[in-house]
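The chains referred to below are lettered A, B, ... by the order of the sequence lines, with proteins before strands, and numbering in each begins at 1.
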Amino acid sequence: MTEELSKQYNPKETEDKWYKVWEQNNLFSAKISSSKPPYCIVIPPPNVTGILHMGHALNNTIQDILIRYKRMRGFASLWMPGTDHAGIATQNVVERSLAKEGLKRQDLGREKFIERVWTWKEEYGSTIIHQLKKLGCSCDWERLRFTMDQDYSTAVTEVFIRLYEKKLIYQGSYIINWCPRCQTALSDEEASHAELQGNLYYLKYPLKDKPLEFLTVATTRPETMVGDTAVAVNPKDKRYKKYIGKILILPLIKREIKIIADPGVDMEFGTGAVKVTPAHDPNDYILGKKHNLDFINVMHPDGRMNESAQKYSGLERFKAREAVLEDLKTLGLLEKIIPHRLSAGHCYRCHTIVEPYLSKQWFVKMKPLAKQAIEAVKKGEIKFYPERWTKVYLNWMENIQDWCISRQIWWGHRIPVYYCRNCQTKNTAKGIIVSKTKPEKCPKCASTDIFQEEDVLDTWFSSWLWPFATFYWPKENADLKYFYPTSTLVTAPEIIFFWVARMIMAGLEFKKKIPFKDVYIHGTVRDIEGKKMSKSLGNVIDPLEVIAEYGTDALRFSLISITSQGQDVYLSKERFEQGRNFANKIWNASRFILMNLKPENSNADLCVSFKEEKFDIVNRWIISRFYSTLKKTNEDLDAYRFNEAANNLYSFFWHEFCDWYLELIKPQIGQKQTQLIMYKVLEKTLRLIHPFMPFISEEIWQRLPKAQGSIMQQNWPHLQADLINEDDEKQMQVVFDIINAIRNMRSEMELGLASRPEIKLTFADKSMEESLRPLFSHIKNLAKLDQLSIAENYLPQENEYTSILKNMHIVMPLKGIVNVAEQINKNQVKIDKIKSEIKNKEIMLANKNFLSRAPKEIIDAEKNKLKDMHEQAAKLEVIKNGLR
RNA sequence: GGGCUCAUAGCUCAGUUGGUUAGAGCGUUGCGUUGACAUCGCAAAGGUCAGUGGUUCAAGUCCACUUGGGCCCACCA
C-alpha cells in the first residue's frame, strides 16, 4: 500500500523536487538516434534582461507541450534553449545601474563598459532561465546558447562578410529613425507609431522681392524650419502657380530658399504649400534628392539643436520649438495654430519620440533575400498556423524595405568593417576593409593606420541566424545535420517581421534550406479589458505569483485551455482556479483509486485481458471513452489545437472518468477486472495529461504500484481503435439520461431521499429494454431507488409523475406536492416545439435535392430522428391526458 | 489608404472540412453530498449565434453589404 496521500494537492511539495530529478537524470537531453526521427524546436531566445511574463509563460508552455508530447511519441525531441544579448535593452539596464553610481558609459570607455555588461550578464542574465525551469520547461540545458557566445559571433561575422561580398550589404546616408535618448538608429520595426495630440502650426514665409507678401506653410514640427531648403507646391495648384521658382526668405535664419513644384504635394492638406527639410524628414529627403536641394542637419544626436540652428543652438528640440514659435509670433509670422492628431514613431525601448535623422548607416538589401523566402512559403514548404498569417507574411515580404543593421551602441556584435585612414584621406576608395579580424595593414596602401567601425549590429542580425547558428554553423556538426531544418517554431505575432521572416531568409540564404517547417503563432496575452499587459499600465499578472498561489500545472493548464488557435488571450487571475481545481481533482481521483487498489490486480495486460475475459459494459464504456479521447487528443495536438486537447482531456477525466465511471464502480470496486480497468485508465490518462501538467502527473505516476522510471520516459499510449465501441457508448449515454431524468424529477418534486420511490420505465424499443436490464442495478444505485420496473404501454395515473426521454418514459409515484397544471402546461410547450420540428423535418425529408445530395448517414439519422420525434410527441400527448 | 481579426448565455470564451436538440468555465438559483474531492456532485434559469441580403436540401459555420470593437502595415507638411 502506498503512503497516505493528503486530501489536497500541494504543488509546492512536488514541483521543484521533480524538476531536479528530471535534470539530474538527463531526461531533457536529446540524443542523435538512427532509429528515432528528430523533432526540434528552437526557443525564441528571451532577452538576458528578461523577466518571465505571461507572454513567455504561454509561449513556452506551448513549446513544452509539443516537446514532451513528441518525446513520448518516440521522437528524438530537442528543445534548444538560449538567450538573446538584446543590445539596446541590456545596455539600458547597465547604464541605469551605472547612473546610480553617478557614472555614464562614456566615463568608463567602451572596453570597460562592455566588461561591466558581461559582469552584469553573468550575475543576472540567467534569471529568465531559472524562471523557465519553474515553468517546467524541458529544454536541453546542456546545449544552452547565447547570441554573444564566441562561436555564435563567428557565425554573425561570417554572414556579414558573405553578404558584403555578394554586395547585399552597403553603407548609405538615409533618413533613419533616431532615438535621441538611446542615441542610436532604430529599424522601422523598432520605431512603433503611436497617436498623440499635437498641433499644426501655420508659418508665414515672406517673399524676397515682395517682403510684404507671404507664403504660408503648415507644419507639426516648427523647430525643423531652421533646416528648410525649399517650399514645395503642387504644379497644378492655381493659388501658387505664379510663385513657382521665386525665392523666399526663411524667417529667423534669413536664408534664401526656393519655391519648387512637385506633384507629390497634397493640395488639400494644410495650405497646400509644404516646407521642405531634407535632412529631417523622409519625404523631404526624397524631394531633396529629386530637386537637388541642400541637406542641412540642424540637430545634435542627442536631440539638441546644433550650430546650423544659429540662435537656437544648444536648445533641446522641444524647447527650440517653443522658442521658434515665440519668435515667429513676435514677428507676426505665426498665422495660426490648430490642434492636430498625428502619429509619431516612438522608440520601442524607451518610448522617446524618434527623430527622423540623416546619418550614415549600414544596410542589407532585402529584395534578393526575400525572393526565395516568399517562394518557400508559397510552395507550402513552410506553413503558418493559423494560416492567415501567411498573408501577413507575404504582404510584408513583397513590400520589403532595406534593413538598417547598424546601431550606435556599444553592446553587441561589432561590425567587422575596418577603415584605412590613409585611403580615407586620399578619398580613393573610402578605405573600407571587411575582415574577420583586424588586418595588420591596408591591402591597398599597406598603411597600418587602421581602425574599426564604431557601430554594432542590430540584435536581430544575430537572432535571424538562431536556427542554425545555435548548432555551431558554419561548422557542419552532427547536430546541425540531424536536427536542421527544425520542426516547429512557436512565437508571438509581433515578431513575424523582426524575426520569423528574417530567419526564413537567412536559412535559405546560408543553409540553402528552410529553417523550420511549421510556424505556430499564438495570440497576445491581454488583460481582461483587452489591453496589452505592461508594467506602465499596472495590469500585469505575474506568472511567478500565479505559480506560487495556484501551482505551475494550474498556470499551464489554464493558459492553454483558454488559448484557442491564434486568438488573443484575455486573462484574469480567476482563470487559474480552473487549473488548480483540475489538479486537485486529478489528485483526489488518484488518491481514491490508490486507496482501493490491490497492487496485484494492476499487472495484467489490458488488451490481452480484453480479448480473454468478458468485461461488463461500464468497464467497456470507459475504455472506449478513453480511446476516443486519445484519438481526439492525437488529432488535436498534431493540428496545434492545444486548447481543444486540454479541454477534451479535462472533460473526459472529470465528467466521464470521475463523475460517472468512478461513481458507477463504487459497489464493485473490489472486483478484479474493475480494479484493472480503473488502474489502467488512470495510468494511461496520466500520460496524456503529462505534457500539459508535468508535475502532478509525475507525482502520481511515482506512486503507482507499477511505476518504472519517470513518466517522461513512458510511451504515449498506443491507439487501440478496436476498443472504441460506439454501441457501448450510446447505451451508457441512455443510462445517464435515465439517471439524470430521475434525479431531475425528484428535484422538481422536491421529494427527499426518504421517499425512495419506485420507478416504472416504458420502452418504445424492445431491444433497448433487453440491453438495459443488466444495468438496472447501476441506475438504482445512482438514482437512489428501491425498485425499478418495466411496464408495457403503461398509462400514468393521477397520483403519478412522469418524465419522457427519447425512447422511453419514466413514471414515479407522486409523494410530494407538485403543480399539475404547471406540468400540463410544460408538456404542451414541449409538444408544440416538437410538432414544429417535425414539420420542418418532414419538409426536409420530402425534398428531392436533400435525398439525392445529402450523405446516406445523414439521411438515415434524420429519418430516425423524425421517428423518435413522432413517438415522443405521441407519448407526451398520452401523459398530458393522463395528468388531466 | 492597404491588410487582418472579432461580435455566440449575466461575464470570459470554445464551436476543426456547412449536417442530431449551439457548448464550457465563472456567476445566479434549487437539490444533494458526513469514507476520493465543499477546490465536490446533480440540475435549472439564461441564446432571434451583431444586422440585412444571398448561396444551399441544410448556415453560428460559406459569400456580399451594414454597424460596432481590436490589431498590423503604409501615410501623416
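A pairwise comparison of heavy atoms in A/Phe652 and A/Thr685 identifies CE2-OG1, 3.6 Å as the closest pair.
Here the two rings, on A/Phe384 and A/Trp389, have centers that are 6.0 Å apart or farther.
The side chain of A/Trp654 sits closest to B/C40 out of B/C4, B/A36, B/C40.
No hydrogens or angles were tested; on distance alone, a donor-acceptor pair under 3.5 Å links the side chain of A/Glu663 to the base of B/A36. Looking at A/Lys585, its side chain comes within 3.5 Å of the base of B/C37 through a donor and an acceptor atom.
With A/Asp553 contributing its side chain and A/Ile696 its backbone, the two residues share a donor-acceptor pair below 3.5 Å. Remark: side-chain polar atoms of A/Ser558 are not paired, donor with acceptor, to backbone N or O of A/Leu555 under 3.5 angstrom.
A gap of 22 Å separates the C1' atoms of B/U16 and B/U55, to the nearest Å. Spacing between B/G23 and B/A14 at atom C1', rounded to whole Å, works out to 7 Å. Spacing of P atoms, B/G46 relative to B/C62, comes out at 29 Å, to the nearest Å. One P atom belongs to B/G15, the other to B/U61, and the distance between them is 14 Å to the nearest Å.
Look at B/U29: its Watson-Crick or wobble partner, with both distances under 3.5 angstrom, is B/A43. Base pairing annotation: B/C13 forms a Watson-Crick or G-U wobble pair with B/G23, both donor-acceptor distances under 3.5 Å. Under the Watson-Crick or G-U wobble criterion, with both distances below 3.5 Å, B/U34 has no partner in any strand shown.
Put simply, A/Arg591 has a side-chain N or O that comes within less than 4.0 Å of OP1 or OP2 on B/C37.
Heavy atoms of A/Lys391 sit under 4.0 angstrom from primed sugar atoms or phosphate atoms, though from no base atom.
Comparing A/Tyr650 and A/Arg221 by the nucleotide of RNA chain B that holds the closest heavy atom to each, the one mapping nearer the 5' end is A/Tyr650.
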